[in-house]
Novice: 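Supplied in structure tokens, the structure appears directly below.
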2 protein chains.
Amino acid sequence: MPVTIKDLSNELSLSRSTVSKALNGRSDVSSATRERVLRAVDELGYQPSAAARNLRRQRTEKLGLVVNYPFQRVADFLAELIPGMAAVAEDAEYNLILYTSMAGNEQRIKSLCRSREVDGIIVAWPPGSSETVALSQLMADEQMPHVFLPRRFSNAGISFVAADHVQGARALTQHLISLGHRRIGFERLPEVYETDGDRHAGYAGALRDAGIAYDPSLVISAKSTDPHYHTRSFRTFLSQPAPPTAILFFTDPMAINALSLAKEQSIRIPQDLSIAGYDGILASGVTEPALTTVGQAVSDMGRLAVESLLQLIEEQPRAPIQHTLPVELIVRGSTGPNPKI
Amino acid sequence: MPVTIKDLSNELSLSRSTVSKALNGRSDVSSATRERVLRAVDELGYQPSAAARNLRRQRTEKLGLVVNYPFQRVADFLAELIPGMAAVAEDAEYNLILYTSMAGNEQRIKSLCRSREVDGIIVAWPPGSSETVALSQLMADEQMPHVFLPRRFSNAGISFVAADHVQGARALTQHLISLGHRRIGFERLPEVYETDGDRHAGYAGALRDAGIAYDPSLVISAKSTDPHYHTRSFRTFLSQPAPPTAILFFTDPMAINALSLAKEQSIRIPQDLSIAGYDGILASGVTEPALTTVGQAVSDMGRLAVESLLQLIEEQPRAPIQHTLPVELIVRGSTGPNPKI
DNA sequence: TTGAAAGCGTTACCAT
DNA sequence: ATGGTAACGCTTTCAA
């Protein structure tokens, strides 16, 4: 049987209330009493029951981390994200509870909110899924503070932490332009709404700034992340009358796929064709040649998401908290000067 | 204000006890009543308060995952481990609570046990740290079910899930022997007690089986994982009068380091020297040449650890649960025939 | 400065 | 089959 506050009060011949006050640093306790209590805590090895405390205080100091990603596919993303989150949370005396099986089941999120087993929720949900807006509404209805990540919402009113993909795609495109490229392909992925829109906007913006006309035949939409589509897109790019001299892929895996397709066809990267990815996954650094890409400060995003959530919980601001973090252009071997000039 | 059981009982003109029974599937409730209750649950959107339930039932259906690894350094290990764990836990209606800041602080583990905010603990603690035995004792004293991972304990009485490193090192050594190698170096790492002992035993065992004399000059102990030491060990290996024709490194990073040292010195791998790692980290598959190594079924280990912990919690067996999983030899390009024959 | 008592939302025991 | 009541362990209000 664990030691309870009652044991303490018996031992000390004090009331439970006084002991509780001493424990919680109230001012209406004599310092002599406080000393005695603290000493007894040490001796008896008292630790408050989390359940009792949670019930009474109506909060748990736990944050839910709802992950709706296939872990393996984004291993390094999560491995960077989670420790940052946990560190910030634990500094604030909170802990993270993991929920990995809530995809496509609003009901479970609703139950989670109503059970009040967490004080707030961080939703790591792929940017593609449209139901996230409904999800946010649901949590708002349950008065459950929540932050989305890593996606931006055009809807106002939703708190999120995301990366500035407009800037990222712009920087990447400018980099290619500065290497002399004029026909720059872009394989986009409309599956991931805002993110796709942002990266496309950055790409188009950089072209516009450089006075290069936007050529729709250089922009191909992938139907999904299935490699099959990318392979077809890649062929389409190269079979054009005036094929691109550089191609920007929506994500690193798509670019890495292109790298191996190029090798098969004896297309030299970057001498014959420049290739760039996006996201800066670990694997992008070890391909041959290594991939030029855009990296996100994932760890910072995690930290910021927790900080934001804690703010929502503790300060209850009326306005949502929205952070868009800068990204970093990572220039490596897969991009080089335009061979056609 | 969330809906409570009291609201339900008012709405239905039933006592709270009856409602509770209906909710918990007791047999002493008429099925008509149960129907009414369940309907009301749906209508009012009732969800039991986790805190109240935890307090009353004296359990939380939460498992603590105490991680004392630098996340980044073992990113792919954790990324494989955690989802497997979470999946098994959630199937059993448990959730994982993450604790990442408990290193070197027994007190926090003790508090965690006493607060009873988890029903059991999985300790992912590097095999090196000796204090783990004390830690286990501490949790046992607090009657907190716990499982260690991924390390074996020679002490009986401690539950763990680990990989069979004797077998792994034996398979690796046999592989080298079958390639004609007779002088096989081994850089061990005594820092990680049992694991080091096991891998060394596997190495020595394979040599013995093949009738090759154990040559102490071919076994070098690294003081730590600091690359500095490995570089020195590597030079020591090669400066011997009869240098090894193959070297087995305690972990993949050490082997990868050797790979780049070899490249610097224009030693061809595997033509001039065979190199093998251990652990099967992701990076081992993308080096040039790719590394021969031993892979662990990390995901299975995670699943098994949770299953074991749940068993300890729910069935309270008197004996500890100990699992040693088989490992898999992964033959890749870094090992080849002995050039000296 | 201290303490008595109520209450957080459940579940379990014992009557009815 | 149903309900009253106590109890889980804590914090808070109010009175002394």
Side-chain angles (χ1 to χ4, degrees), chain A residues 1-38 40-41 44-62 93 111-119 142, chain B residues 1-38 40-41 44-62 93 111 113-119 142-143:
Chain A
M1 270 291 117
V3 181
T4 73
I5 208 170
K6 202 171 175 183
D7 299 324
L8 277 184
S9 71
N10 286 342
E11 180 74 15
L12 295 164
S13 307
L14 279 171
S15 72
R16 284 176 293 163
S17 3
T18 305
V19 174
S20 170
K21 284 174 191 164
L23 254 26
N24 291 289
R26 295 298 176 108
S27 55
D28 55 349
V29 202
S30 77
S31 52
T33 304
R34 169 162 304 127
E35 296 269 308
R36 288 182 60 214
V37 171
L38 293 181
V41 163
L44 303 189
Y46 169 77
Q47 176 73 28
S49 144
R53 217 172 217 185
N54 293 345
L55 177 57
R56 178 64 233 214
R57 294 187 170 166
Q58 300 286 63
R59 62 202 163 80
T60 60
E61 314 218 304
K62 300 280 173 270
E93 314 256 31
S111 300
L112 174 58
C113 293
R114 296 204 174 137
S115 76
R116 297 279 138 183
E117 71 181 30
V118 296
D119 297 341
E142 301 293 338
Chain B
M1 271 293 114
V3 181
T4 72
I5 211 170
K6 201 170 176 184
D7 299 325
L8 279 182
S9 71
N10 286 341
E11 181 73 15
L12 295 165
S13 307
L14 281 171
S15 73
R16 284 176 293 163
S17 0
T18 305
V19 174
S20 172
K21 285 174 192 164
L23 254 26
N24 291 290
R26 296 298 177 108
S27 55
D28 55 349
V29 202
S30 77
S31 54
T33 305
R34 170 162 303 130
E35 296 269 308
R36 288 182 60 215
V37 170
L38 293 181
V41 164
L44 302 190
Y46 169 77
Q47 175 73 25
S49 146
R53 216 171 218 188
N54 293 347
L55 177 57
R56 177 65 235 210
R57 295 187 170 167
Q58 298 287 62
R59 62 199 162 84
T60 60
E61 315 220 303
K62 300 282 173 267
E93 314 256 31
S111 300
C113 294
R114 303 224 236 246
S115 76
R116 296 280 138 180
E117 72 182 30
V118 296
D119 297 341
E142 301 294 337
Q143 317 231 52

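Protein chains get the first letters and strands the later ones, always in sequence-line order, with residue 1 at the start of each. In what follows, every heavy atom counts, from backbone to side chain, and hydrogens, waters and symmetry copies are set aside.
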Novice: Regarding B:Ser49, tell me which of base, sugar-phosphate or nothing describes its non-hydrogen contacts under 4.0 Å with the strands shown.
Specialist: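 Sugar-phosphate, backbone atoms only, no base.
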Novice: Just checking B:Asn24: base, sugar-phosphate only, or nothing, at a heavy-atom cut-off of under 4.0 Å?
Specialist: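 If one applies the 4.0 Å heavy-atom cut-off, B:Asn24 turns out to touch the sugar-phosphate alone, with no base involved.
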Novice: In degrees rounded to 10°, what angle is found between the helical axes fit to the five outermost pairs at each end of the helix from C:dT1-D:dA16 to C:dT16-D:dA1?
Specialist: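 Axis angle across the helix from C:dT1-D:dA16 to C:dT16-D:dA1, nearest 10°: 40°.
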Novice: Who are the salt bridge (Lys or Arg N to Asp or Glu O under 4.0 Å) partners of B:Arg26, not counting sequence neighbours?
Specialist: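 B:Arg26: no salt bridge (Lys or Arg N to Asp or Glu O under 4.0 Å) contacts found.
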Novice: Tabulate atom names and distances for all N/O pairs under 3.5 angstrom spanning the protein and nucleotides 4-8 of chain D.
Specialist:
from: D:dG4; atom 1: N7; to: B:Ser17; atom 2: OG; distance (Å): 3.1
from: D:dG4; atom 1: O6; to: B:Ser17; atom 2: OG; distance (Å): 2.9
from: D:dA7; atom 1: N3; to: B:Arg56; atom 2: NH1; distance (Å): 3.0
from: D:dC8; atom 1: O3'; to: B:Gln58; atom 2: NE2; distance (Å): 3.4

Novice: Between B:Leu14 (CG) and D:dA1 (C1'), how many Å, whole number?
Specialist: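 From B:Leu14 CG to D:dA1 C1': 11 Å.
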Novice: Does B:Val29 or A:Tyr46 map to a spot on DNA chain D nearer the 5' end, using the closest nucleotide for each?
Specialist: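 Its nearest nucleotide being more 5', the pick is B:Val29.
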Novice: Who are the salt bridge (Lys or Arg N to Asp or Glu O under 4.0 Å) partners of A:Arg57, not counting sequence neighbours?
Specialist: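 None.
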Novice: If every non-hydrogen atom of B:Ala22 is compared with every non-hydrogen atom of B:Val29, which pair is closest and at what distance?
Specialist: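 Shortest heavy-atom contact: N-CG2, 3.9 Å.
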Novice: For the residue pair B:Val19 and B:Leu8, what are the closest heavy atoms and their distance?
Specialist: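 Reported closest heavy-atom pair: CG1-CD1, 3.8 Å.
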Novice: Roughly how many Å is it from CG in B:Asn10 to P in D:dG3, rounded to a whole number?
Specialist: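 Atom CG in B:Asn10 sits about 12 Å away from atom P in D:dG3.
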Novice: Determine the contact category for B:Ser30: base if any of its heavy atoms lies under 4.0 Å from a base atom, sugar-phosphate if only primed atoms, P, OP1 or OP2 are that close, otherwise nothing.
Specialist: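 Sugar-phosphate only.
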Novice: Is the backbone N or O of A:Asp7 less than 3.5 Å from a side-chain atom of A:Asn10, with the two atoms forming a donor-acceptor pair by type?
Specialist: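 Checking the backbone N and O of A:Asp7 against the side chain of A:Asn10, no donor-acceptor pair under 3.5 Å is found.
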Novice: 5' to 3' on DNA chain C, which nucleotides open and close the contacts with chain A (atom under 4.0 Å from a heavy atom)?
Specialist: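 Counting from the 5' end, contacts occupy C:dT1 to C:dG9.
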Novice: Check A:Lys62 with B:Glu117, please: is the shortest side-chain N to carboxylate O separation under 4.0 Å?
Specialist: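 Between A:Lys62 and B:Glu117 there is a salt bridge, with a charged N closer than 4.0 Å to a carboxylate O.
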Novice: Quick one: closest heavy-atom pair of A:Arg36 and A:Leu12, and the distance?
Specialist: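 Closest approach of A:Arg36 to A:Leu12, heavy atoms only: NH2-O, 2.9 Å.
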Novice: B:Asn54 and B:Thr60: which non-hydrogen atoms are nearest, and at how many Å?
Specialist: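 The answer is OD1-CA, 3.5 Å.
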Novice: Looking for any heavy atom pair under 4.0 Å, which part of the strands does B:Arg26 touch: base, sugar-phosphate only, or nothing?
Specialist: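 Sugar-phosphate, backbone atoms only, no base.
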Novice: Of all heavy-atom pairs between B:Tyr46 and B:Leu23, which one has the smallest distance, and what is that distance?
Specialist: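 It is CE2-CD2, 3.5 Å.
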Novice: Considering heavy-atom distances to DNA chain C, does B:Asp28 or B:Pro48 have its closest nucleotide positioned more toward the 5' end?
Specialist: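 The answer here is B:Pro48.
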Novice: Quick one: list whatever passes salt bridge (Lys or Arg N to Asp or Glu O under 4.0 Å) with A:Arg114, sequence neighbours left out.
Specialist: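 Only A:Glu142 meet the salt bridge (Lys or Arg N to Asp or Glu O under 4.0 Å) criterion with A:Arg114.
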Novice: So which heavy atom on B:Arg34 is nearest to which on B:Gly25, and how close?
Specialist: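 That closest heavy-atom pairing would be NH2-C, 3.9 Å.
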